[in-house]
Engineer: 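Quick one: structure below, then a few questions.
In what follows, chains carry the letters A, B, and so on, assigned in the order in which the sequence lines appear, proteins first and then strands, with residues in each chain numbered from 1.
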There are 2 protein chains.
Amino acid sequence: MATESVSSLPIRAAKQTAIHPLAPLNADEIRAASALIRSQWPTGIDLHYKSVTLEEPAKAEAVPFLEAFHSGQNVPTIDRRVLVTYYLRKTNKFHEAIVNLTQQTVENNARLGPNMHAPGDGEEIMAIEQVALEDEGVQAEIAKLQLPEGTQVVVDPWIYGSDGINDDDRLWQAFLYIRDPQNSAEADSNHYALPLTISPVISSETMRVTRIDFLPTGKDNTIKEPEPWQPKPPNEYIPEAQQLRTDLKPLNVVQPDGASFSVTQQGTSSVVEWQKWSFRVGFNQREGMVLYDVRYDGRKLFYRLSLSDMNIPYADPRHPFHKKSAFDLGDAGAGVMANNLKLGCDCLGSIYYLSAVLSDEKGEPMDMPNVVCIHEQDGGIGWKHTNYRTGRAALARNRELVLQSIITVANYEYILAFMFNQAGELNYEVRATGILSTQPIDEGLEVPWGTVVHPGVLATHHQHIFSLRVDPMIDGYQNRLVYDEALPMPRSDFNPHGTGYFTKETIVETSGGYDVDVSNNQSYKIQNAHIRNPVNAKPVAYKIHAPPFQKIISDTGSFNYKRAEFSDRNIYAVKYRDGELFAGGKYTNQSRGGTGVRSWANRKENIVDEDLVVFVQFGINHIPRIEDFPVMPCEIIKVSMKPVNFFDKNPALDVPPSTQKFNQSTLISETHQQGVTEGTIDSNGEVCCAASSSKL
Amino acid sequence: MATESVSSLPIRAAKQTAIHPLAPLNADEIRAASALIRSQWPTGIDLHYKSVTLEEPAKAEAVPFLEAFHSGQNVPTIDRRVLVTYYLRKTNKFHEAIVNLTQQTVENNARLGPNMHAPGDGEEIMAIEQVALEDEGVQAEIAKLQLPEGTQVVVDPWIYGSDGINDDDRLWQAFLYIRDPQNSAEADSNHYALPLTISPVISSETMRVTRIDFLPTGKDNTIKEPEPWQPKPPNEYIPEAQQLRTDLKPLNVVQPDGASFSVTQQGTSSVVEWQKWSFRVGFNQREGMVLYDVRYDGRKLFYRLSLSDMNIPYADPRHPFHKKSAFDLGDAGAGVMANNLKLGCDCLGSIYYLSAVLSDEKGEPMDMPNVVCIHEQDGGIGWKHTNYRTGRAALARNRELVLQSIITVANYEYILAFMFNQAGELNYEVRATGILSTQPIDEGLEVPWGTVVHPGVLATHHQHIFSLRVDPMIDGYQNRLVYDEALPMPRSDFNPHGTGYFTKETIVETSGGYDVDVSNNQSYKIQNAHIRNPVNAKPVAYKIHAPPFQKIISDTGSFNYKRAEFSDRNIYAVKYRDGELFAGGKYTNQSRGGTGVRSWANRKENIVDEDLVVFVQFGINHIPRIEDFPVMPCEIIKVSMKPVNFFDKNPALDVPPSTQKFNQSTLISETHQQGVTEGTIDSNGEVCCAASSSKL
């Protein structure tokens with residue numbers, strides 16, 4: 001029956017309209033795939049779907065398609081495949097299946113495990129909160145606090161983490177907080193300012209509390225049973241709780257002739273074109289935004305770009321805090337947690353929104369509106385030179401195209417953006433904001449693994465370690481990874497004054513993990529050795545720069561280290577294999593390691609002039625400041641990819657000069673009492689002369 | 001007589017109007033000071049003034065003034081002093097004098113030397129160009145090139161540098177180029193694309209060519225006599241030489257209610273107030289923009305902030321290139337080289353310009369219009385949190401105030417900006433752009449100390465090493481420098497899983513040079529140990545972050561190393577002494593070292609809870625890409641100063657929430673054929689719901 005119903009779904013229509021092989025699943029495909037899986041099971045078996053997402057075609061299939069697509073030839077047909085992961089509901093029986101929608105077949109459907117667990121999902125997290133609150137044992141402990149009447153207890157379910165102690169089953173660790181008892185009607189009161197010491201552990205199989213932990217609040221492991229609550233001040237982040245500034249004037253970004261980019265939507269797939277750049281945007285549950293087939297002026301640059309994973313290990317070694325080491329993509333998902341972005345709030349200027357469709361726990365399509373905003377911004381001056389002999393200045397501003405997505409992972413927010421400019425540069429920017437994950441601490445106590453950010457509230461040190469997956473195609477699919485170093489020349493007749501230095505290029509021969517030595521200006525480039533620059537004959541290349549950071553601090557014997565396989569190196573380079581997308585492994589929840597990029601790299605494969613993939617790590621060791629509470633100002637990290645001898649000159653040379661006629665800036669004068677500046681604008685709208693503004 | 005005339009100058013008026021002790025000299029003061037010096041010499045002695053600039057008052061005088069000034073009490077009178085440096089024209093007799101304008105006396109007037117030389121100045125550079133071109137020997141060498149009729153030869157005079165070989169006298173090294181012979185009428189043709197091998201050396205004493213060097217163009221030291229010129233293609237940066245893009249739409253920044261900042265000009269001194277920040281802006285020949293008395297919400301932060309110096313050593317060890325190691329501030333001056341900024345060109349939005357007055361070689365005032373532009377910009381999202389339980393997002397954008405100045409140093413441009421935000425953060429940004437300093441190379445040849453950027457043109461590797469001088473007053477004038485490190489906890493019963501880590505704070509006890517170890521997350525803070533955070537009792541502090549960089553590569557025995565005393569360490573910290581402003585020493589031209597920050601630091605003075613000064617180094621090792629020619633896309637470096645336990649919570653918490661009503665963004669829909677997005681704006685101008693933009 002199920003199969004019948006599937007074949008009658010409009011999936012055939014989708015086939016006829018030739019869905020792009022890299023396009024995310026549409027709603028009909030999601031329904032069809034989950035229905036096909038459901039049809040594998042006797043009626044009455046309830047499935048809890050974890051993901052119904054595009055299984056991307058093998059590169060061996062996709063590349064010929066792209067080549068034909070761009071050359072206007074007939075494209076080969078590629079079967080649409082779907083990765084479906086699910087539980088038999090209320091069990092720990094985790095399954096992974098591949099559905100071939102084109103052939104209407106289930107190609108694979110197997111139970112996974114041991115130690116293979118699915119990420120959390122929204123429905124499940126809400127359910128865990130309820131289980132914790134309704135548990136009689138938990139209620140008994142809360143009662144001991146003698147909280148004021150009407151006090152709202154809030155539960156933050158946490159991924160259980162791994163320490164190898166009775167943690168083969170899939171569990172949740174819940175941290176409890178209260179909202180301000182003086183203001184319990186305010187649902188957005190900041191509960192992170194009022195943490196409790198009670199921490200129930202919940203089994204996702206039985207959906208029952210299996211244990212109640214109590215949190216240490218002193219300088220050692222001592223734990224105390226709950227005691228009557230002592231009133232503490234709140235610390236709210238919502239605007240109505242603040243005395244807001246009144247002296248900020250509006251700043252509007254106006255594009256009178258519209259934006260310079262275009263978005264062409266082909267079903268769920270969006271093609272963006274802007275200033276010689278072109279690429280295809282995908283979106284999935286795990287990675288959120290994914291860029292495919294990135295080209296500049298028609299030249300190949302990147303086959304696929306995405307944030308691969310993120311690990312956040314915490315510094316407190318005491319139980320249960322030592323297990324706080326989240327993988328925000330693998331344990332939850334950057335797609336499913338993406339914010340619905342609002343006009344004039346998350347982006348400024350002329351905004352185009354992309355929406356997506358993901359799947360819910362019933363295997364049904366779930367609309368995700370406005371998960372990506374696209375806009376242009378002014379990046380300041382792009383290049384300038386003034387000829388001092390003639391006084392003539394030539395200047396072009398740097399316009400940027402931004403694709404931004406914002407994710408909320410319980411307490412934290414991450415603002416993730418790909419940024420393109422007119423000089424052939426591509427940046428990936430992460431802004432970390434949101435609220436610190438807090439825990440109770442005895443008043444007046446200071447500990448070296450965290451910062452007191454509010455009376456009785458500790459914000460523990462933690463690392464954010466990101467891995468950006470870069471699948472390059474620099475002028476072709478066979479590339480190599482090299483690094484340059486700048487080294488002093490030895491003293492000699494050639495270098496008699498000890499001032500000379502030179503650069504040395506080294507080829508990275510085999511897959512592995514590599515570090516960046518700033519003291520030698522070590523710089524990594526992805527090269528195509530077969531394509532030479534027409535002027536200087538150097539191989540065309542893009543260099544990748546990520547700011548240096550402190551690698552994972554947990555020792556090499558720790559579960560943290562074994563699981564976060566990307567966290568110990570600046571760069572991992574591997575030979576491409578289908579399906580190897582996630583640096584921390586496919587299933588990170590309570591993982592044991594051995595399934596991520598460190599393991600792939602250990603194959604020690606030749607990566608010279610091969611189809612290689614580079615994982616670029618960057619991060620923050622977040623030592624909280626009190627200024628990071630109750631909500632933290634953005635901490636910004638940027639990874640840049642820049643052409644090196646890829647073009648034959650500055651590619652932004654053809655950007656029109658920056659003029660007042662075009663930019664329509666405003667000269668401030670009357671608005672200020674003193675030091676009036678006058679500028680006379682000529683007929684072209686140019687300022688021909690601006691008089692001194694200082695009264696001497 | 002001279003003294004008479006001085007006393008009749010309106011300087012008395014200036015006295016009466018109580019010029020602020022940190023205000024730059026006004027035109028009358030410049031005239032008065034140079035006249036006083038002229039009066040010291042017999043008539044007929046012609047003086048070549050190098051600088052007539054404010055000699056800032058001793059801090060022991062200035063601090064009581066500021067304290068009285070801010071508390072509204074009567075301010076002490078402080079004598080106005082002027083530093084005058086000059087030559088007896090057409091000699092190497094370099095003098096330094098201190099003039100007391102208040103007392104109308106010359107307090108000091110002495111000849112300097114040996115190896116004390118003044119920077120170049122505009123008039124002098126033009127004169128050197130002329131000397132080179134008019135020299136018969138040079139003309140004879142140029143004739144050997146048999147250049148096409150009408151070809152324009154261009155001279156780039158370079159600071160001679162130091163190698164200890166016959167360089168006690170003040171000299172200039174001139175590099176010769178031609179403009180495109182096919183287009184010799186174009187005065188802005190890029191001569192750096194067409195370098196010659198002839199390099200005359202000029203004495204600034206005799207203003208005659210003393211030697212003609214020939215440049216090596218091969219892989220070794222071999223030099224060739226000039227040979228007939230072989231035609232080469234030009235490489236122009238001016239817009240009319242380009243096929244300009246036609247698909248870039250305007251982007252305007254509009255502030256309908258005006259800007260949020262105010263500028264109050266008191267003579268030559270400008271007080272800026274914006275979003276709880278207040279500071280005084282000065283401007284001088286050497287440093288350009290200087291910030292004084294920087295406060296947030298009335299609290300003391302920085303007594304003085306300025307770029308102290310910049311060194312650019314080149315990698316080519318061959319004569320005469322090995323001497324290319326410019327100090328762009330010490331050898332020329334960030335003030336005197338500041339661009340006259342144009343509306344809608346150098347800044348975007350609502351712009352306020354500051355102008356300045358400096359002195360010329362005759363000791364007369366020289367107007368410098370629009371040397372600083374002040375404007376606000378949107379810095380993206382400042383902070384955000386979404387409560388996933390209620391779906392409510394709280395978000396504030398990050399408004400920034402920018403003070404920007406742009407300097408042209410022959411071929412190069414530097415865009416220098418102080419940026420303030422609403423979270424109490426202060427950034428100093430440098431953008432390096434302009435044109436690479438090029439030299440000829442044999443066609444088809446590659447060398448490891450440079451990059452061929454055009455046929456026959458080599459752009460040599462070089463370092464840009466900057467030193468930012470930070471004179472702090474964090475809640476007072478007695479501060480200390482400390483650093484934090486994040487270190488792993490040893491395994492123990494307390495840390496059984498090897499996951500724990502902690503931070504350790506170390507006090508920098510004595511003046512010295514210090515480095516930053518990223519592998520330990522080493523982070524430097526300036527603290528006031530006497531003022532404690534009201535919540536967590538930690539000392540109030542500001543941390544300073546500069547991106548790590550490769551230190552000077554020239555060996556420790558080299559003149560480059562000895563002269564650039566700041567170039568070998570991330571941080572130099574010294575006990576404050578009046579007059580110690582310039583990290584490379586007061587006179588860097590052909591200097592020998594021993595007068596800069598490394599020497600001061602070697603006093604090994606106690607700097608704990610003292611009046612200390614921190615020099616923060618940062619830089620680029622510029623390995624040229626062909627994309628950096630004929631004009632380079634900006635390379636951006638940012639130094640940030642952030643509060644650490646200085647406030648009691650996020651200081652940007654009171655920024656009004658970001659709303660469509662305030663931001664007036666535009667939803668893009670009709671402008672695109674596909675994927676129409678509709679957003680319904682409610683009466684408040686808020687978007688209440690935005691429908692999916694993807695057609696599923």
Engineer: Look up atom CG in A/Leu248 and atom OG in B/Ser260, then write down how far apart they are to the nearest 0.5 Å.
Structural biologist: 4.5 Å

Engineer: Can you find a heavy atom in the side chain of B/Pro657 that is under 4.5 Å from one in the side chain of A/Leu244?
Structural biologist: yes

Engineer: As an exercise: rank B/Ser325, B/Ala393, B/Pro630 by heavy-atom pairs under 4.5 Å with chain A and give me the winner.
Structural biologist: B/Pro630

Engineer: To the nearest 0.5 Å, how far apart are CG in A/Leu667 and CG in B/Asn370?
Structural biologist: 8.0 Å

Engineer: Could you report the tightest heavy-atom contact between B/Lys384 and A/Thr433, atom names first, then the distance?
Structural biologist: N-OG1, 3.2 Å

Engineer: Where do A/Leu251 and B/Glu376 come nearest, in terms of heavy atoms and distance?
Structural biologist: CD1-O, 3.8 Å

Engineer: Looking at chain A, which one of B/Thr503, B/Asn495, B/Asn560, B/Thr408 has the largest number of heavy-atom pairs inside 4.5 Å, strictly under?
Structural biologist: B/Thr503

Engineer: Compare every heavy atom of A/Cys345 with every heavy atom of B/Ser658, then report the nearest pair and how far apart it is.
Structural biologist: OG-O, 3.2 Å

Engineer: Quick check on the interface: out of B/Ala486, B/Ala187, B/Ala394, who has the most heavy-atom pairs with chain A under 4.5 Å?
Structural biologist: B/Ala486

Engineer: So, A/Glu627 side chain and B/Ala423 main chain: donor-acceptor pair closer than 3.5 Å or not?
Structural biologist: no

Engineer: Identify the two heavy atoms, one from B/Arg399 and one from A/Pro250, that lie closest to each other, and give their separation to 0.1 Å.
Structural biologist: NH2-C, 3.8 Å

Engineer: Using a cut-off of under 4.5 Å for heavy-atom pairs, which of A/Ile381, A/Asn221, A/Val154, A/Asp257 has the most such pairs with chain B?
Structural biologist: A/Ile381

Engineer: About how many Å separate CG of B/Asn398 and CZ of A/Arg431, when rounded to the nearest 0.5 Å?
Structural biologist: 7.0 Å

Engineer: Sort A/Pro365 into side chain, backbone, both or neither according to what part of it lies under 4.5 angstrom from a heavy atom of chain B.
Structural biologist: neither

Engineer: Side chain, backbone, both or neither: which part of A/Leu395 has an atom under 4.5 Å from a heavy atom of chain B?
Structural biologist: side chain

Engineer: What I'd like to find out is whether the side chain of B/Thr451 reaches to under 4.5 Å of the side chain of A/Asn645, using heavy atoms alone.
Structural biologist: yes

Engineer: Would you please name every residue forming a side chain to side chain donor-acceptor pair (under 3.5 Å) with A/Asp316, sequence neighbours left out?
Structural biologist: A/Arg318, A/Gln439, A/Trp449

Engineer: Testing the basics here: between A/Asn536 and B/Val452, what is the closest heavy-atom pair and its distance to 0.1 Å?
Structural biologist: ND2-O, 3.0 Å

Engineer: Do A/Glu413 and B/Thr386 have side chains that get closer than 4.5 Å, going by heavy atoms?
Structural biologist: yes

Engineer: With a 4.5 Å limit on heavy-atom distance, are the side chains of A/Arg625 and B/Val644 in contact?
Structural biologist: yes

Engineer: Where does A/Ile415 contact chain B at under 4.5 Å (heavy atoms): side chain, backbone, both or neither?
Structural biologist: side chain

Engineer: Count the heavy-atom pairs under 4.5 Å between each of A/Tyr501, A/Tyr388, A/Tyr237 and chain B, then report the option with the highest count.
Structural biologist: A/Tyr501

Engineer: To the nearest 0.5 Å, how far apart are CG in B/Leu348 and CD in A/Gln664?
Structural biologist: 10.5 Å

Engineer: I need the residue from B/Phe646, B/Phe494, B/Phe629 with the largest number of non-hydrogen atom pairs under 4.5 Å to chain A.
Structural biologist: B/Phe494

Engineer: Report which part of A/Asn339 has an atom under 4.5 Å of a heavy atom belonging to chain B: side chain, backbone, both, or neither.
Structural biologist: side chain

Engineer: Identify which of A/Asn235, A/Asp220, A/Asp484 forms the greatest number of heavy-atom pairs closer than 4.5 Å to chain B.
Structural biologist: A/Asn235

Engineer: Any idea which of B/Met489, B/Glu446, B/His497, B/Gln242 has the most non-hydrogen atom pairs under 4.5 angstrom with chain A?
Structural biologist: B/His497

Engineer: With no hydrogens and no angle check, is any side-chain donor or acceptor of A/Asn650 less than 3.5 Å from a backbone partner on B/Asp628?
Structural biologist: no

Engineer: Which residue out of A/Val535, A/Val253, A/Leu653 racks up the most heavy-atom pairs below 4.5 Å with chain B?
Structural biologist: A/Leu653

Engineer: Answer with side chain, backbone, both or neither: which region of A/Arg245 has an atom nearer than 4.5 Å to a non-hydrogen atom of chain B?
Structural biologist: both

Engineer: So for A/Lys551, is it side chain, backbone, both, or neither that comes closer than 4.5 Å to the heavy atoms of chain B?
Structural biologist: neither

Engineer: Which atom pair, heavy atoms only, marks the closest approach of B/Pro317 to A/Gly500?
Structural biologist: CB-CA, 3.9 Å

Engineer: Tell me, for A/Glu425 versus chain B, whether the close heavy atoms (under 4.5 Å) come from the side chain, the backbone, both or neither.
Structural biologist: side chain

Engineer: When rounded to the nearest 0.5 angstrom, what distance separates OH in A/Tyr353 from CD1 in B/Ile668?
Structural biologist: 10.0 Å

Engineer: Can you sort out the partners of B/Arg491 under salt bridge (Lys or Arg N to Asp or Glu O under 4.0 Å), two or more places apart, ordered by chain and number?
Structural biologist: A/Asp555

Engineer: How far does NE2 of A/His454 sit from NZ of B/Lys649, to the nearest 0.5 angstrom?
Structural biologist: 8.0 Å

Engineer: Below 4.5 Å from any heavy atom of chain B, which atoms of A/Asn533 appear? Answer side chain, backbone, both or neither.
Structural biologist: side chain

Engineer: For each of A/Pro455, A/Pro488, A/Pro547, tally heavy-atom pairs with chain B at distances under 4.5 Å, and name the one with the top tally.
Structural biologist: A/Pro488

Engineer: Look at A/Asn621, A/Asp648, A/Asn387 and state which one has the largest set of heavy-atom pairs under 4.5 Å with chain B.
Structural biologist: A/Asn621

Engineer: Just by distance, do the side chain of B/Asn521 and the backbone of A/Gln550 share a donor-acceptor pair under 3.5 Å?
Structural biologist: no

Engineer: If you count heavy-atom pairs within less than 4.5 Å of chain A, which of B/Ala537, B/Pro313, B/Pro643, B/Gly434 leads?
Structural biologist: B/Pro643

